[in-house]
Amino acid sequence: MSNGRFDPNTADRRWQGRWEDARSFRADSSSNKPKTYVLEMFPYPSGRIHMGHVRNYTMGDVIARYRRMQGYEVLHPMGWDAFGMPAENAAMERKVHPGEWTYANIRAMREQLKRIGFALDWEREFATCDPEYYGHEQSLFLDLFEAGLVYRKESEVNWDPVDRTVLANEQVIDGRGWRSGAIVERRKLAQWFLKITDFAEELLEGLEGLDQWPEKVRLMQENWIGRSQGLQFRFRIASPIGDIDSLEVFTTRPDTIFGASFVAVAADHPIAQAIAAQNADAAQFVAECKSGGTSAAEVETAEKKGFKTQIEVVHPLDSSWRLPVYIANFVLMHYGTGAIFGVPGHDQRDFEFASHYQLPIRRVVAQAVELASEPIGNEAEASKGVAVNSRFLDGLTTDQASAEVIRRAELAGWGEGTIQYRLRDWGVSRQRYWGTPIPIVHCPSCGAVPVSRDDLPIVLPEDVDFNKPGNPLDRHPTWKHARCPRCAGTATRETDTLDTFVDSSWYFIRFASQPSDKPFDKDEAEKWLPVAQYIGGVEHAILHLLYARFWTRALERLGRISIVEPFKGLFTQGMVTHETYRAGDGSWLSPDEVKRDGDDWIHIENGEPVTKGRVEKMSKSKRNTVDPEPILMKYGADAVRWFMLSDSPPERDLEWSEAGIEGASRFVQRVWRLAATSACGDGDDISLKRRLHRSIAGVSEAIENLQFNKAVAQLYELTTAIEKADPSATRHEAVRSLILLVAPAAPHLAEECWAELGESAMIASAAWPAFDPTMLIEDEVTLAVQINGKLRDTLTAPRGLDRAAAEALALASEKVRRQLAGATPRKVIVVPDRLVNIVA
RNA sequence: GCGGACGUGGCGGAACGGUAGACGCUGGGGACUUAAAAUCCUCUUCCCCAAAGGGAGUGCGGGUUCGAUUCCCGCCGUCCGCACCA
């Protein structure tokens, strides 16, 4: 065993078995050690682990193992985000039950994860499709329901008339259903919503405290919540239609109120609907607006169009001033009040609309009062300035004028200063089978009634048929028939299931505490929460993270938990990428279908030339994926883990390459050789000792800052230094320390080396090495000598040399004397122990 | 359109305002070997030069500074998020 190569094929399994037997990574909530919670975003059980998972979980594992070695009790769990559409698709395609398919995938992926040797507490594993988990979720839903945070409202969905199913936006391709190819309709269905908007302000303010989150993610959430302050006010309709006698609008620029030329409402605004009911032309225009696409390109190019109604409204600050009302295609029903007043001079959309319909374009804001009569050019001026042509507002700044208009509106009662959010309530209804059933019963006399808690979990029926279109829950022969929990009359179960984002909004709490009689125990959960370090992809920067933050705050409001932010530290890792290859006919080729031929690439099968494309995210469609499993078989877990941490900074993309994994594998063997050949020598090697302590400090710092690529580089340097050193007691000690430093990233190798060095305990329970700060200070330093900022020489000098001595030393340099050629320096800058800059 | 990030050798990337290119990959040369693999040594930013040495250089143009990859201003390019948000 003490010579030859490290053999991961036997070693990996052996140590994984030892860890499992010793329950090395079980998180003990009764431990006296300080606790920490390391979590990676749990995977969807698609059936196979991909490189993105490997990278994500390797990073988390390094943190978890590093913390454990530092003496923390670490919670590092794993589970499965197991509900969702792919299981239903598989059911349709392969005639397997979604549950059967999902659990088979979980078994396969669990084995794959175990093969990589992650320090996970598998005793806490669960899947969100376990009735136990979603039963608790149903009870939490009822908690929110009782707290008034759940409501039902009509909402539009994408409806596939052939498959008779609701489609997600991503399933609508060019206006057609992805499977049926049928033209998708917009249908209104009564759906359940969670009042996330109640928390808009808190969720926004809370971002400020998240100083261990990437700035980018905080900004994305901030923009998503989209707070804007302004005036909400009512126009009186000159001639009321039916019982509608006023029209409410929202503006962020009340200061431009005297620049109004028109008022416009969205096509689905009640006023537009009322008019369309009486006027065929209006009805046609409304229909046209609804059929327009919402893609970025279409929106960009869509012309601003309107339908002029017969209605006029009265200007709130001048009762003799009438404004025409249009139905306009660019006004959105879901923002503000679904109606606007148009100020063409100072809003680009309004400008385009007014130009089209020859409406007045007035200047009411100028950069200076003197410029009041400057005409508006060929685009709107949205910038702030001073009010002009605005009666009593003239001369006030934009902010002052806005405040004044709000003051008058509130005084006179026709409007009030308000805050609008872009954030909308969270629609959680999904017309699908494979999800958490919404625990509600619809009773003809009592309405929507929550299920009795004694009946939880409401379990999905097993005997479902995916061969017919529509929601299997809805057409199941018996499942939906129920008794009303209130009046015991005949009633119908809700057949919608919850959005899978609900499942992932509290799983991190369940990991921390999993009693069987309730979703979690407050005290137990709070031993671990909040998650100290959460790691996942940026694709979840908005929705998942916002929903989880909301859910946690909602539970806090209900007194169920006393934390408000679930994730203290967040890290978003980059993607794993690979080169792409295309055959002559443009079809994508996978990496194992091509080979190198000098500087070119050829198709192995037929020898034809292959075009090498861009490096892109690994994806099935580009066929540039690399399956981790054969790589793990060939190189072992540690080489793969090591490669995942090397080279690229973790927040950036990592390009997979054969050469890269080879390099990682070489390093694993180098460390093994050092351990296998190290002997207890005699004597101190002070320079190696310094090098070692610098490495311990450097690697620790790099891991703390999640700069794994830097930790890796430092370990390479240390390894080289040890290899080059002569045998000594220091060298043997350095090898021991190296093994400890390498352990979080390459744990199997580390265990094997540790045993080889004669240790009887596992390195999994060893302590992280400490460094001696005095060892970081060198007694000789290299002084850079510059002339006018250009490097001319480097000198070795004792540390702590004073300025005069350093200057003298520099001026004595042969190279400096030659460069100066007798000239007298005008000035000399000395940075002690670093450099001397001679200004000539 | 709005918001943000990034731009350094052949490649991935390092560099408290202070020796640019650590470390890895690739490539060249060499050692060991019958040979190969493995391993080890060595070179590898560009230009001039036999060498010693010199010059240029962190997307482009300016600025601040004794000194700028780093700070400031203005461009160019790439990528990401949001998007008719009133």
Side-chain angles (χ1 to χ4, degrees), chain A residues 4-5 214-224 226-228 230-232 249-253 256 264 266 292 294-296 298-304 328-332 334-343 346-350 352-353 382 420-424 538-539 541-542 615 642-643 646-649 651-655 657-664 666-667 669-670 673 707 709-720 723 782-795 815 818 825-831 833-840:
Chain A
R5 295 170 62 77
E215 187 63 34
K216 175 193 163 91
V217 174
R218 280 153 57 187
L219 264 161
M220 279 163 74
Q221 293 220 348
E222 194 179 314
N223 293 337
W224 188 262
R227 182 187 203 271
S228 46
L231 170 68
Q232 187 158 327
V249 300
F250 172 75
T251 178
T252 53
R253 292 291 299 272
T256 63
T294 51
S295 74
E298 284 170 293
V299 165
E300 194 88 338
T301 53
E303 211 181 330
K304 305 275 179 290
N329 65 349
F330 68 96
V331 180
L332 306 172
H334 60 248
Y335 185 78
T337 61
I340 59 152
F341 73 93
V343 183
H346 306 284
D347 181 285
Q348 188 56 23
R349 293 155 301 179
D350 298 348
E352 287 169 33
F353 189 81
Q420 280 289 333
Y421 297 93
R422 204 194 78 105
L423 183 69
R424 286 189 275 158
V538 240
E539 66 274 19
I542 299 177
V615 173
W642 191 258
F643 177 60
S646 313
D647 295 342
S648 285
E651 68 278 10
R652 286 205 214 163
D653 291 352
L654 171 70
E655 188 187 341
S657 74
E658 199 70 21
I661 182 73
E662 290 279 355
R666 267 201 296 277
F667 178 72
Q669 297 301 338
R670 266 175 86 191
R673 277 196 301 276
Q707 296 171 312
N709 57 323
K710 288 197 209 167
V712 164
Q714 301 243 18
L715 288 166
Y716 275 119
E717 283 184 80
L718 177 61
T719 305
T720 305
E723 282 170 345
T782 305
L783 279 182
V785 182
Q786 299 179 332
I787 296 176
N788 296 331
K790 269 191 189 301
L791 182 72
R792 292 302 174 187
D793 200 1
T794 55
L795 304 169
K815 287 173 184 171
R818 202 185 319 139
R826 282 193 291 151
K827 193 175 168 187
V828 178
I829 312 279
V830 179
V831 182
D833 295 335
R834 290 212 81 121
L835 77 99
V836 179
N837 188 15
I838 299 160
V839 186

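We use all heavy atoms of the structure for the numbers below, so side chains are in, but hydrogens, waters and symmetry mates are not. A, B, ... follow the sequence lines: proteins, then strands. Residue 1 opens every chain. This one's a predicted model, so the numbers in the text were calculated from it and none came from an experiment.
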Whole-Å distance separating the CG atom of Asp793(A) from the C1' atom of A52(B): 15 Å
Length of the CZ-P vector between Arg652(A) and G24(B), whole Å: 19 Å
Rounded distance in Å between the P positions of U8(B) and U70(B): 13 Å
Rounded distance (Å) that lies between atom P of G12(B) and atom CG of Leu654(A): 12 Å
Phosphate OP1/OP2 of A86(B): any Ser228(A) side-chain N/O under 4.0 Å: yes
For G9(B), glycosidic torsion class - syn if within 90° of 0, otherwise anti: syn
Heavy-atom donor-acceptor pair, Arg349(A) side chain to Lys304(A) backbone, under 3.5 Å: no
C2(B) and G9(B), which share atom name C1', separated by this distance in whole Å: 37 Å
Phosphate contact (C85(B) OP1 or OP2) by Arg349(A) side-chain N/O below 4.0 Å: yes
Touch class at under 4.0 angstrom, heavy-atom based, for Val712(A) against every strand present: nothing
Nearest-nucleotide comparison on RNA chain B, the residue closer to the 5′ end among His334(A) and Arg666(A): Arg666(A)
Under 4.0 angstrom between Asn709(A) side-chain N/O and A14(B) OP1 or OP2: yes
Touch class at under 4.0 angstrom, heavy-atom based, for Leu332(A) against every strand present: base
Pairwise C1' distance for G63(B) and A56(B), with rounding to whole Å: 22 Å
Strand partner of C23(B), provided both Watson-Crick or wobble distances fall under 3.5 Å: G12(B)
Integer-rounded Å distance: G3(B) C1' and Arg227(A) CZ: 18 Å
Gap separating the CD1 atom of Ile340(A) from the CG atom of Asp350(A), nearest 0.5 angstrom: 4.5 Å
Residue whose closest nucleotide on RNA chain B lies nearer the 5' end, Asp653(A) versus Thr794(A): Asp653(A)
Nearest-angstrom distance, P atom, U42(B) to G77(B): 46 Å
Sugar-phosphate, base or nothing in reach of Gly660(A), heavy atoms under 4.0 Å: nothing
Main-chain N/O of Gly342(A) paired to Asp347(A) side chain as donor or acceptor, under 3.5 Å: no
Parallel, tilted or perpendicular: rings of Phe667(A) and Trp642(A) (30°, 60°): parallel
C1'-based separation of C66(B) from G54(B) [nearest Å]: 23 Å
Closest nucleotide among C23(B), C84(B), A56(B) to the Lys790(A) side chain: A56(B)
Sequence-distant partners of Arg422(A), side chain to side chain donor-acceptor pair (under 3.5 Å), two or more places apart: none
Between G13(B) (P) and Lys710(A) (NZ): distance, integer Å: 13 Å
Nucleotides 59-71 of chain B: protein proximity per nucleotide (B base, S sugar-phosphate only, - neither; heavy atom, under 4.0 Å): -------BS----
Distance between P atoms of A15(B) and A83(B) (Å, rounded): 36 Å
Between C1' of G54(B) and NZ of Lys815(A), the distance in whole Å: 12 Å
Touch class at under 4.0 angstrom, heavy-atom based, for Arg792(A) against every strand present: sugar-phosphate
Electrostatic pair Arg218(A):Glu215(A) at N-O distance under 4.0 angstrom: yes
Atom-to-atom span, CZ of Arg253(A) to P of C85(B) - whole angstrom: 14 Å
Length of the line joining Tyr335(A):OH and C85(B):C1', which is rounded to integer Å: 5 Å
Whole-Å P distance, U45(B) and U64(B): 34 Å
Whole-angstrom distance between G24(B) and G13(B), as gauged at atom C1': 8 Å
Sugar-phosphate only, base, or nothing, as touched by Arg826(A) at under 4.0 Å among non-hydrogen atoms: nothing
Closest nucleotide among G3(B), G81(B), C40(B) to the Ile542(A) side chain: G81(B)
Presence of Arg5(A) side-chain N/O under 4.0 Å of U39(B) phosphate oxygens OP1/OP2: no
Touch class at under 4.0 angstrom, heavy-atom based, for Thr782(A) against every strand present: base
Side chain of Ser648(A) - closest among G12(B), C16(B), A20(B): G12(B)
Any donor-acceptor pair under 3.5 Å from Gln221(A) side chain to Ala541(A) backbone: yes
